[in-house]
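Notes follow the structure.
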Amino acid sequence: MVVVLKPKTPNDEIEKIKRKLEDKSMTVSIIPGKDYDLLNISGETSNAKTEEITSNACVEKVIETQQGYKLASRLLHSDNTLIKVGNKVIGGDELTIIAGPCSVESKEQIIGIAKEVKNCGAGFLRGGAFKPRTSPYSFQGMRFEGLELLKMAREETGLPIVSEIMSTSMVNRFAEDVDIIQVGARNMQNFELLKELGKIDKPVLLKRGLSSTIEELLMSAEYIMSGGNSSVILCERGIRTFETYTRNTLDLSAIPAIKRQSHLPIIVDPSHATGLWWMVEPLAKAAIAVGADGIMVEVHNNPKLAKCDGQQSIKPEGFKTLMDSIAKVAGATRKMI
Ligand code: PEP
Ligand code: MN
């Protein structure tokens with residue numbers, strides 16, 4: 001059971017309501033929200049009389065729910081969440097297009113690709129500076145130097161930058177340097193990292209774990225939101241199945257499922273979902289068709305020589321074609337590009 005409090009309810013009133021419920025053998029935890037706070041009630045909820053609780057002037061409503069996630073749930077927030085980054089709004093009528101290389105490799109590479117994707121209509125530049133590689137012998141990223149080069153690319157093009165964080169020790173640095181902090185699939189359940197990201201005021205792009213359910217993804221979003229950071233963008237990037245033709249299996253059904261369960265924006269990454277450059281465009285179109293708020297795609301000027309994920313990277317000219325073809329699908333779903 002969840003008690004939704006009116007905006008700006010004073011702390012002493014919250015404590016009073018909490019104590020009243022605790023006196024009736026219920027366990028109450030306060031969940032601070034962006035606009036209003038919630039009380040999560042467990043234990044002897046059969047002792048709770050809804051009319052008695054709602055008679056308090058500070059209570060907006062009481063919702064019966066067994067869902068583990070509350071702040072991320074559409075039950076408590078029926079409107080879609082809109083996240084403003086620079087002059088872009090994520091989750092609204094305009095598609096969010098994030099494009100760029102898997103990894104930052106050099107100044108010329110990142111600035112060159114940033115200019116190309118911007119010319120094609122991308123709204124954000126992606127680029128990994130810290131790379132979560134399966135093998136410790138693979139390229140691990142340019143690290144802090146990579147972040148500096150991304151900042152230069154932002155300066156040159158005006159595109160906001162998206163980059164992956166891997167450690168709690170870097171939260172402040174990322175909060176300062178990047179516009180959207182990416183949490184990769186491998187860290188979706190790094191709860192200490194999620195808690196730290198909950199304390200800052202910076203949008204987080206949370207990618208679905210390799211073998212995580214939709215509910216687990218939403219619970220991870222809840223970790224960030226329950227710390228006070230409500231700017232979470234979800235990303236479907238394919239999940240592990242028995243199929244080996246593609247790198248992962250893109251779970252397109254996750255998009256309408258998440259739209260039904262949650263008010264958070266959701267984008268799709270067809271590059272990591274398929275691992276095959278020629279499948280990126282058709283699945284980008286499919287993602288938009290099922291209602292995704294945008295896409296994140298890997299674009300490289302010379303995929304054959306890319307230090308990471310060249311086989312799934314499209315060239316700038318392929319990105320141009322992709323943009324033209326998703327524009328047609330966007331028209332059908334009433335989204336703008
Ligand atoms: C990435 O976006 O570069 C990445 C590593 O993706 P994922 O975490 O989805 O594997
Ligand atoms: Mn990659």
Side-chain angles (χ1 to χ4, degrees), residues 33-35 69-99 121-126 159-164 178-185 188 194 197-198 200-209 212 214-238 250-273 283-284 286-297 326 329-330 333-337:
K34 186 172 164 232
D35 303 318
Y69 51 91
K70 321 281 177 193
L71 293 166
S73 171
R74 204 178 269 285
L75 274 179
L76 289 134
H77 188 294
S78 54
D79 296 339
N80 288 334
T81 280
L82 305 179
I83 298 173
K84 216 170 167 292
V85 181
N87 60 2
K88 295 274 171 203
V89 177
I90 301 169
D93 294 334
E94 192 183 337
L95 286 177
T96 296
I97 310 291
I98 306 173
F124 298 83
L125 174 69
R126 64 149 285 150
L159 290 179
I161 53 179
V162 184
S163 201
E164 178 169 352
V178 311
D179 301 288
I180 299 180
I181 304 178
Q182 177 176 326
V183 174
M188 188 204 86
L194 302 179
L197 292 168
I200 59 168
D201 183 22
K202 183 67 69 168
V204 176
L205 175 62
L206 179 64
K207 298 188 87 176
R208 182 175 180 183
S212 297
I214 290 168
E215 189 179 20
E216 286 164 343
L217 173 62
L218 291 171
M219 293 293 269
S220 290
E222 189 79 12
Y223 261 94
I224 301 169
M225 298 175 83
S226 62
N229 184 355
S230 53
S231 300
V232 180
I233 305 142
L234 304 169
C235 180
E236 162 62 40
R237 45 76 74 206
L250 179 58
D251 181 9
L252 281 172
S253 66
I255 316 311
I258 286 171
K259 283 278 167 205
R260 191 180 173 91
Q261 297 299 318
S262 177
H263 51 87
L264 295 173
I266 166 122
I267 66 166
V268 168
D269 171 353
S271 308
H272 291 88
L283 291 182
I288 306 305
V290 294
D293 292 298
I295 50 168
M296 175 157 81
V297 294
I326 63 169
V329 184
T333 61
R334 293 197 296 275
K335 288 258 191 195
M336 292 178 306
I337 193 153

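No experiment lies behind these values; they were computed from the predicted model shown.
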In this structure, which one of Ile267, Leu205, Leu218 forms a side chain to side chain contact (heavy atoms under 4.5 Å, CB included) with Leu234?
Leu218
Return the minimal non-hydrogen interatomic distance between [X] and [Y], and the atom names on each side.
X: Pro203; Y: Ile233; value: CB-CD1, 4.2 Å
X: Val232; Y: Ile224; value: CG2-CG2, 3.8 Å
X: Ile295; Y: Ala284; value: CD1-CB, 4.1 Å
X: Leu252; Y: Ala286; value: CD1-CB, 3.8 Å
X: Phe124; Y: Leu159; value: N-CD2, 4.1 Å
X: Leu283; Y: Pro270; value: CB-CB, 4.0 Å

Verify, without hydrogens or angle tests, whether [X] (side chain) and [Y] (backbone) share a donor-acceptor contact under 3.5 angstrom.
X: Lys70; Y: Ser226; result: no
X: Glu222; Y: Leu71; result: yes
X: Lys207; Y: Gly209; result: no
X: Glu236; Y: Ile255; result: no
X: Asp79; Y: His263; result: no
X: Asp93; Y: Met336; result: no
X: Ser262; Y: Ala72; result: yes
X: Ser220; Y: Met188; result: yes

Side-chain contact test, heavy atoms from C-beta onward, threshold under 4.5 Å: evaluate it for Ile180 versus Pro160 and give yes or no.
no
If you define the side chain from C-beta out and look only at heavy atoms, does anything of Thr96 sit under 4.5 Å from Pro265?
no
So how far is it from [X] [atom1] to [Y] [atom2], rounded to the nearest 0.5 Å?
X: Gln182; Y: Arg126; atom1: CD; atom2: CZ; answer: 5.5 Å
X: Arg74; Y: Leu264; atom1: CZ; atom2: CG; answer: 9.0 Å
X: Ile337; Y: Ile326; atom1: CD1; atom2: CD1; answer: 3.5 Å
X: Ile181; Y: Leu206; atom1: CD1; atom2: CG; answer: 12.0 Å
X: Gln261; Y: Glu215; atom1: CD; atom2: CD; answer: 8.5 Å
X: Arg208; Y: Asp269; atom1: CZ; atom2: CG; answer: 13.0 Å

Short N-O contact, Lys259 and Asp293, less than 4.0 angstrom:
yes
Check against side chain to side chain contact (heavy atoms under 4.5 Å, CB included), Asp179 and Val162:
CA-CA 6 Å; Asp179 301 288; Val162 184; over 6 Å; no
Would Asn229 and Ile200 count as a side chain to side chain contact (heavy atoms under 4.5 Å, CB included) if you check the C-alpha gap in whole Å, the side-chain angles of each, and the deciding distance to 0.1 Å?
CA-CA 6 Å; Asn229 184 355; Ile200 59 168; 4.2 Å; yes
CA sep, side-chain torsions, deciding dist, call: Ile258, Leu217, side chain to side chain contact (heavy atoms under 4.5 Å, CB included)
CA-CA 10 Å; Ile258 286 171; Leu217 173 62; 3.8 Å; yes
Atom CG of residue position Asn80 - does it have more than 12 heavy atoms of other residues, nucleotides or ligands inside 6.0 Å?
yes
